[in-house]
2 protein chains.
Amino acid sequence: MARSDRSVLPGSTAMLVLALLKAREMYGYEIIEELEKRSNQVFQLKEGTLYPILHSLEKEKLVTARDQETPSGRKRRYYHITAAGLQALDAKKEEWQTFSQAVTAILAGA
Amino acid sequence: MARSDRSVLPGSTAMLVLALLKAREMYGYEIIEELEKRSNQVFQLKEGTLYPILHSLEKEKLVTARDQETPSGRKRRYYHITAAGLQALDAKKEEWQTFSQAVTAILAGA
DNA sequence: ATAATATACCTAGATAATCTAGGTATAAGG
DNA sequence: CCTTATACCTAGATTATCTAGGTATATTAT
């Protein structure tokens with residue numbers, strides 16, 4: 001994310017990526033754009049952040065990857081969520097809900 | 001926070017601390033307990049996390065500190081939020097809202 | 001009385017998430 | 001043809017938090 005946001009919430013990027021991949025398989029560059037679009041410009045992932053995350057998700061077998069070329073010749077690496085990835089997503093979503101509710105509870109008093 | 005939570009949301013601890021201090025001045029150990037209680041055990045700050053945060057908040061002049069002894073002789077360091085701290089809290093709260101709404105938007109599809 | 005636990009503060013070094021700042025290569029648009 | 005956008009990648013820096021210690025005193029249990 002952009003530097004200013006590091007103070008707010010790192011640590012859930014993998015979850016966001018898995019959430020997008022649940023809908024359909026996507027390639028890295030596309031994920032960055034989609035996250036930006038769907039979050040109304042709030043998330044602006046750097047490539048240096050996303051690609052390592054994709055690689056580690058792949059190593060954990062939460063996603064699989066396949067290479068494909070566009071008709072014009074561009075090479076893309078498509079990522080597809082696995083059953084384990086869907087499970088991990090559910091777990092992370094629950095963690096997120098617990099966490100954000102707790103934050104809200106604390107902030108309510110302020 | 002507990003290790004398992006590092007994957008979810010580091011980066012907002014200072015905000016939570018400021019939020020507590022808005023209500024009343026508190027000492028470090030008390031902050032840890034209060035955060036745990038008010039968050040229903042979700043936040044379990046380690047001393048090694050909190051004390052450095054308090055020191056940096058003090059250096060940024062978002063809080064001031066004063067030492068006080070209890071009748072029984074225990075030494076405590078009370079922290080009090082400053083005007084700048086209140087301003088910073090508001091800014092962080094807004095950041096948080098923007099961020100959590102964006103996350104919710106992404107997760108909604110999953 | 002004494003031992004164990006809780007309170008209350010602290011710091012140095014490790015770990016891990018993200019960013020910075022590069023790099024390569026090809027396609028599309030001016 | 002030159003610039004910009006697309007598309008992938010990595011090494012090293014930065015930073016938040018944790019781990020794992022440390023000190024000292026008060027309270028509670030034996």
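Heavy-atom basis, side chains included; hydrogens, waters and symmetry copies ignored.
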Would B/H80 and B/V63 satisfy side chain to side chain contact (heavy atoms under 4.5 Å, CB included), going step by step from the backbone distance to the final call? CA-CA 5 Å; B/H80 183 275; B/V63 303; over 6 Å; no
Would you say the side chain of A/E95 lies within less than 4.5 Å of the side chain of A/T98, judging by non-hydrogen atoms? no
Looking at every strand, decide which applies to B/G48 at a 4.0 Å heavy-atom threshold: base, sugar-phosphate, or nothing. base
To the side chain of B/S72, which of D/dA5, D/dT27, C/dC10 is closest? D/dT27
So, OP1 or OP2 of D/dA7: does either fall under 4.0 Å of a side-chain N or O from A/R76? yes
Give the rounded distance in Å between these two atoms: CE of B/M26 and C1' of C/dA8. 14 Å
State the CH2-CG distance between B/W96 and B/L16, to the nearest 0.5 angstrom. 8.5 Å
Within less than 4.0 Å of OP1 or OP2 of C/dA17, is there a side-chain N or O belonging to A/T49? no
Comparing B/R77 and A/G73 on DNA chain C - which has the more 5′ nearest nucleotide: B/R77
In this structure, how many angstroms lie between the P atom of C/dC9 and the CG atom of B/L50, rounded? 9 Å
Taken to the nearest whole Å, CD1/A/I31 to P/D/dC9 is 11 Å
Between atom CD1 in B/I32 and atom P in C/dA8, what is the gap in whole Å? 11 Å
Set out, in order, the CA-CA distance, both residues' side-chain angles and the distance that settles salt bridge (charged side-chain N to carboxylate O under 4.0 Å, His left out) for A/E30 and A/K37, then state yes or no. CA-CA 10 Å; A/E30 189 184 12; A/K37 197 175 100 189; over 6 Å; no
Look at all strands and tell whether A/E30 reaches a base, only sugar-phosphate, or nothing, counting heavy atoms closer than 4.0 Å. nothing
Would you say B/Y27 places a side-chain N or O within less than 4.0 Å of OP1 or OP2 belonging to C/dA8? yes
Rounded interatomic separation in angstrom, taking CD from B/E47 and C1' from D/dT19: 12 Å
Separation of C/dT18 atom P from A/L57 atom CG, nearest Å, is 11 Å
DNA chain D: A/R74 or A/L54, which has the more 5' nearest nucleotide? A/R74
Kindly check if the number of other-residue, nucleotide or ligand heavy atoms within 6.0 Å of NE2 (B/H55) is above 12? yes
Base, sugar-phosphate alone, or nothing: which one does B/G28 contact when heavy atoms must sit under 4.0 Å apart? sugar-phosphate
Under 4.0 angstrom between A/H55 side-chain N/O and D/dT10 OP1 or OP2: yes
Any B/K75 side-chain nitrogen or oxygen under 4.0 Å from OP1 or OP2 of D/dT25: no
Distance from B/I53 atom CD1 to B/L62 atom CG, nearest 0.5 Å? 12.5 Å
Let me know the distance between CG of A/D67 and C1' of C/dT26, rounded to the nearest Å. 15 Å
Please state whether the phosphate of C/dC10, meaning OP1 or OP2, lies under 4.0 angstrom from any side-chain nitrogen or oxygen of B/Y51. no
Rounded interatomic separation in angstrom, taking NZ from A/K46 and C1' from C/dA21: 11 Å
Between A/T13 and C/dT18, is there a side-chain N or O to OP1/OP2 distance below 4.0 Å? yes
